[in-house]
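Order of listing sets the numbers, starting from 1, for every ligand and every atom in it. Only this structure's heavy atoms are used, side chains among them; waters, hydrogens and symmetry mates stay out. In this chain, residues are counted from 1 in sequence order.
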Amino acid sequence: MNEIPYKIYLEEHEMPKQWYNVRADMKKKPAPILNPVTKEPITLEELSAIFCTELAKQELDDTTAYFDIPEEIRNFYKMYRPSPLVRAYCLEKKLGTPAHIYYKFEGNNTSGSHKLNSAIAQAYYAKQQGLKGVTTETGAGQWGTALSMACSYFDLDCQVYMVKCSYEQKPFRREVMRTYGAQVTPSPSMNTNVGRKINEEFPGTTGSLGCAISEAVEAAGNQEGYRYVLGSVLTQVLLHQSVIGLETKAALDKYGVKADMVIGCAGGGSNLGGLISPFAGEMLRGEAEYALIAVEPSSCPSLTRGKYAYDYCDTGKVCPLSKMYTLGSGYIPAASHAGGLRYHGMSSVVSELYDQGLMSARSVKQTEVFKAAQEFARIEGILPAPESSHAIKVAIDEAMKCKETGEAKNIVFGLTGTGYFDMFAYQRYNDGEMNDYVPTEEEIAKALAKLPEVE
Ligand SMILES: *Cc1c(COP(=O)(O)O)cnc(C)c1O
């Protein structure tokens with residue numbers, strides 16, 4: 001076996017030419033998404049009124065294993081991919097662990113996260129369909145940034161509803177989006193019925209992701225030639241993000257490394273789902289075994305403490321209903337600093353894999369996450385996003401277990417992005433002012449009591 005370099009790059013010709021749809025290998029499929037009004041499985045026609053037609057097809061297709069990545073998308077990918085798979089030699093040495101730690105780094109593009117992998121695909125299909133533009137929401141701002149980059153590349157109009165508190169707290173994210181030509185509106189706004197209603201009911205509200213989604217969907221519906229796009233949760237997004245897992249697998253295979261464990265942070269489940277897809281596929285086909293681990297914040301513990309049930313994806317109840325691990329669409333997570341992980345639900349694919357016992361989940365507290373982030377930054381150089389640091393925390397925990405047992409396990413984790421726009425959070429941590437919030441059983445039960453009735 002060749003000696004393993006610090007950074008394993010694939011050659012351009014070794015990059016994936018197809019995305020992998022793990023649903024094709026699942027015997028028991030994720031439950032279908034439902035029309036929120038009729039509560040019947042949604043049709044392609046209904047879904048195409050919200051999303052681009054090609055994306056709606058991908059969303060509903062649970063039998064096609066591989067989708068060709070169109071050449072224009074592959075060419076865009078080549079500007080910032082393949083992303084490196086890094087052997088964390090320095091971290092291993094510092095921890096004194098016999099484990100071999102690898103991380104797949106998705107922060108090497110201006111938007112700073114993996115979200116660009118799906119943004120460029122969604123913008124491409126919108127352009128192909130001859131649309132004028134797209135609308136979306138953004139919470140922490142990473143998705144809006146990625147989408148504004150993708151839209152400017154294809155010369156599409158991009159309208160972003162940004163949760164008001166981040167609009168105010170993260171002015172630089174907003175300016176990156178505007179630099180790429182996006183129109184950014186704080187949500188709730190006065191542009192939509194949903195926004196006006198929420199502003200009236202809750203004067204002075206600083207907004208939520210669920211509300212911004214409803215606004216963006218409504219805005220797309222009101223404008224000719226517009227569709228709505230979403231950066232996580234959906235199966236189409238997981239499909240695009242499989243590029244992460246496929247590259248990781250190809251790089252490991254190139255050096256004859258068999259992963260023992262694959263770890264990812266989970267907000268809506270797209271990076272995690274994309275990273276684990278090829279590994280889960282092998283498990284589903286009975287070819288290999290892996291320990292697949294989702295890491296979520298203890299302030300928003302949908303997998304570890306939620307319920308597996310149909311729920312609304314947004315506050316305004318305009319999006320399709322999805323069967324998923326959820327805390328209830330009315331659950332408002334405490335203001336944690338990992339904005340990208342503050343979603344009440346979880347991708348239906350990740351939820352189903354978890355329910356089938358193909359993967360496990362853990363929740364971690366934000367102060368221990370920032371401790372791991374700082375340790376990682378100091379030894380590996382990269383300043384990680386708070387979201388990504390959830391995976392770092394569990395990777396370090398597992399490496400320390402190997403130190404006790406003396407096992408040289410291969411630990412692979414997804415480092416989804418960089419934390420330059422999260423310095424307020426780091427400041428809180430450095431000043432010793434960060435605290436941990438764990439919801440009570442009552443709080444969770446209260447939100448779960450409002451799940452919709454679906455037989
Ligand atoms: C959005 C985001 C996440 C969480 O989203 P998923 O859909 O669960 O992947 C994780 N890390 C970063 C850096 C993000 O921007």
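- For the pair Arg87 and Tyr102, the cation-pi criterion (under 6.0 Å, within 45° of the ring axis) is fulfilled.
- With no hydrogens or angles considered, a side-chain donor-acceptor pair links His240 and Gln58 at under 3.5 Å.
- Legend: residues meeting side-chain hydrogen bond (donor to acceptor under 3.5 Å, both in side chains) with Thr326, ordered by chain and number and at least two apart, are Asp311.
- Applying the ring pair (Phe, Tyr, Trp, His ring centres under 6.0 Å) test to Phe172 and every residue at least two apart in sequence or in another chain returns nothing.
- Between Phe51 and Tyr125, the distance from one ring center to the other does not fall under 6.0 angstrom.
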May I have every N or O pair linking ligand 1 to the protein at under 3.5 Å, one per line with atom names and distance?
from, atom 1, to, atom 2, distance (Å)
ligand 1, 7 (O), Ser232, OG, 2.4
ligand 1, 7 (O), Ser270, N, 3.0
ligand 1, 7 (O), Ser270, OG, 2.7
ligand 1, 8 (O), Gly267, N, 2.7
ligand 1, 8 (O), Gly268, N, 3.0
ligand 1, 8 (O), Gly269, N, 2.9
ligand 1, 9 (O), His114, NE2, 3.2
ligand 1, 9 (O), Ser270, OG, 3.3
ligand 1, 9 (O), Asn271, N, 2.8
ligand 1, 9 (O), Asn271, ND2, 2.7
ligand 1, 11 (N), Thr416, OG1, 2.7
ligand 1, 15 (O), Lys115, NZ, 2.6
ligand 1, 15 (O), Gln142, NE2, 3.2

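- The side-chain hydrogen bond (donor to acceptor under 3.5 Å, both in side chains) check on Tyr429 picks up nothing, with sequence neighbours excluded.
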